[in-house]
Amino acid sequence: MKDEKDTIRRVDALREMEVREDQYGKRVLYSIQFYTKEGEVVYYSHAYTTGLRANMKVNRLRGVQQCDSAGNKIGHVVPVSIDNLRMFNGKKVVL
């Protein structure tokens with residue numbers, strides 16, 4: 001059986017995703033792995049949360065922006081269903 005150190009509850013991962021900046025005003029980055037609608041696994045080693053045009057609470061989505069280690073954005077904002085989260089900061093997401 002896996003340690004609790006290897007898992008994170010989804011509600012805790014979402015709470016950490018909502019923290020946009022640290023106390024010094026620097027953007028908070030995290031690593032994330034999730035499933036797309038087509039079932040593909042996507043991994044971003046550096047990403048941050050951003051807004052979406054859709055109602056995120058009603059649609060159960062979060063906007064994720066891939067970036068480099070300095071926080072410079074790469075690509076475009078990707079809507080991620082909270083039900084499709086697989087890993088967050090190296091920990092398996094569990095209910």
Side-chain angles (χ1 to χ4, degrees):
M1 185 168 174
K2 292 235 176 197
D3 276 348
E4 287 186 22
K5 296 176 187 175
D6 296 336
T7 62
I8 185 170
R9 293 181 346 162
R10 181 172 62 187
V11 67
D12 294 330
L14 293 172
R15 195 171 292 130
E16 285 187 41
M17 287 174 74
E18 291 303 315
V19 177
R20 307 279 175 117
E21 296 179 344
D22 63 9
Q23 67 266 24
Y24 304 109
K26 189 175 177 186
R27 188 182 310 249
V28 175
L29 303 180
Y30 52 81
S31 66
I32 187 168
Q33 195 175 73
F34 58 91
Y35 297 102
T36 64
K37 288 188 278 187
E38 293 80 26
E40 297 175 19
V41 176
V42 177
Y43 174 71
Y44 294 157
S45 60
H46 297 92
Y48 59 88
T49 305
T50 188
L52 289 174
R53 291 181 187 234
N55 186 329
M56 294 190 297
K57 188 170 186 171
V58 171
N59 295 314
R60 301 172 59 85
L61 298 172
R62 296 298 180 270
V64 176
Q65 173 72 59
Q66 184 181 14
C67 63
D68 61 15
S69 60
N72 302 313
K73 67 181 180 176
I74 299 171
H76 61 281
V77 177
V78 177
V80 176
S81 171
I82 64 172
D83 298 319
N84 292 346
L85 294 177
R86 185 168 188 247
M87 302 280 284
F88 184 80
N89 283 339
K91 297 179 182 179
K92 182 177 179 181
V93 177
V94 295
L95 294 177

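Worth knowing before you read on, the calculation uses all heavy atoms, side chains too, and leaves out hydrogens, waters and symmetry mates.
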Next item on the list: Mind listing the closest non-hydrogen atom pair of L61 and P79 along with its distance?
Entry: CD1-CB, 4.3 Å
Next item on the list: Applying side chain to side chain contact (heavy atoms under 4.5 Å, CB included), run through R62 and I82 and close with a yes or a no.
Entry: CA-CA 7 Å; R62 296 298 180 270; I82 64 172; 4.0 Å; yes
Note to self: Through direct or indirect side-chain contacts below 4.5 angstrom among Ile, Leu, Val, Met, Phe, Trp and Tyr, which residues connect to Y48?
What the structure shows: L29
Check: Do you know which two heavy atoms are closest between S31 and S45, and how far apart they sit?
Finding: CB-O, 3.4 Å
Notebook entry, point to check: Is the closest basic N to carboxylate O distance between R27 and D22 below 4.0 Å?
Noted result: no
Note to self: Strictly by salt bridge (charged side-chain N to carboxylate O under 4.0 Å, His left out), give each pair with a member in residues 37-48 just once, sequence neighbours left out.
What the structure shows: none
Notebook entry, point to check: Relative to the ring of F34, is the ring of Y44 parallel (under 30°), tilted (30 to 60°) or perpendicular (over 60°)?
Noted result: perpendicular
Note to self: As a test of understanding, state which of V64, I32, V94 forms a side-chain contact (heavy atoms from CB on, under 4.5 Å) with L85.
What the structure shows: I32
Margin query: Check D83 with R60, please: is the shortest side-chain N to carboxylate O separation under 4.0 Å?
Written below: yes
Check: Yes or no on side-chain hydrogen bond (donor to acceptor under 3.5 Å, both in side chains) for Y35 and S81, after CA distance, side-chain angles and deciding distance?
Finding: CA-CA 8 Å; Y35 297 102; S81 171; over 6 Å; no
Item checked: Pairwise side-chain contact, V28 with R20, heavy-atom cut-off 4.5 Å (strictly under) -> no
Next item on the list: Measure the shortest side-chain to side-chain distance between L14 and E18 over non-hydrogen atoms and say whether it is less than 4.5 angstrom.
Entry: no
Next item on the list: Apply side chain to side chain contact (heavy atoms under 4.5 Å, CB included) to V42 and Q33, showing your working.
Entry: CA-CA 6 Å; V42 177; Q33 195 175 73; over 6 Å; no
Notebook entry, point to check: Can you check whether I74's main-chain N or O pairs, donor with acceptor, with Q65's side chain at less than 3.5 Å?
Noted result: yes
Check: Taking C-beta and beyond as the side chain, do Q66 and V78 meet within less than 4.5 Å on heavy atoms?
Finding: no
Next item on the list: Quick one: pull up NZ in K92 and CD1 in I8 and give me the separation to the nearest 0.5 Å.
Entry: 14.0 Å
Notebook entry, point to check: Which pairs with one or both residues in residues 70-80 pass side-chain hydrogen bond (donor to acceptor under 3.5 Å, both in side chains), sequence neighbours excluded?
Noted result: D68-N72
Item checked: T50 (side chain) donor-acceptor with G63 (main chain) under 3.5 angstrom -> no
Next item on the list: List the atom of N89, the atom of E16, and the distance in Å for their closest heavy-atom pair.
Entry: ND2-OE1, 3.8 Å
Note to self: I'd like to know whether M17 forms a side chain to side chain contact (heavy atoms under 4.5 Å, CB included) with F88, so could you lay out the CA-CA distance, the side-chain angles of the two residues, the decisive distance to 0.1 Å, and finally the verdict.
What the structure shows: CA-CA 9 Å; M17 287 174 74; F88 184 80; 3.4 Å; yes
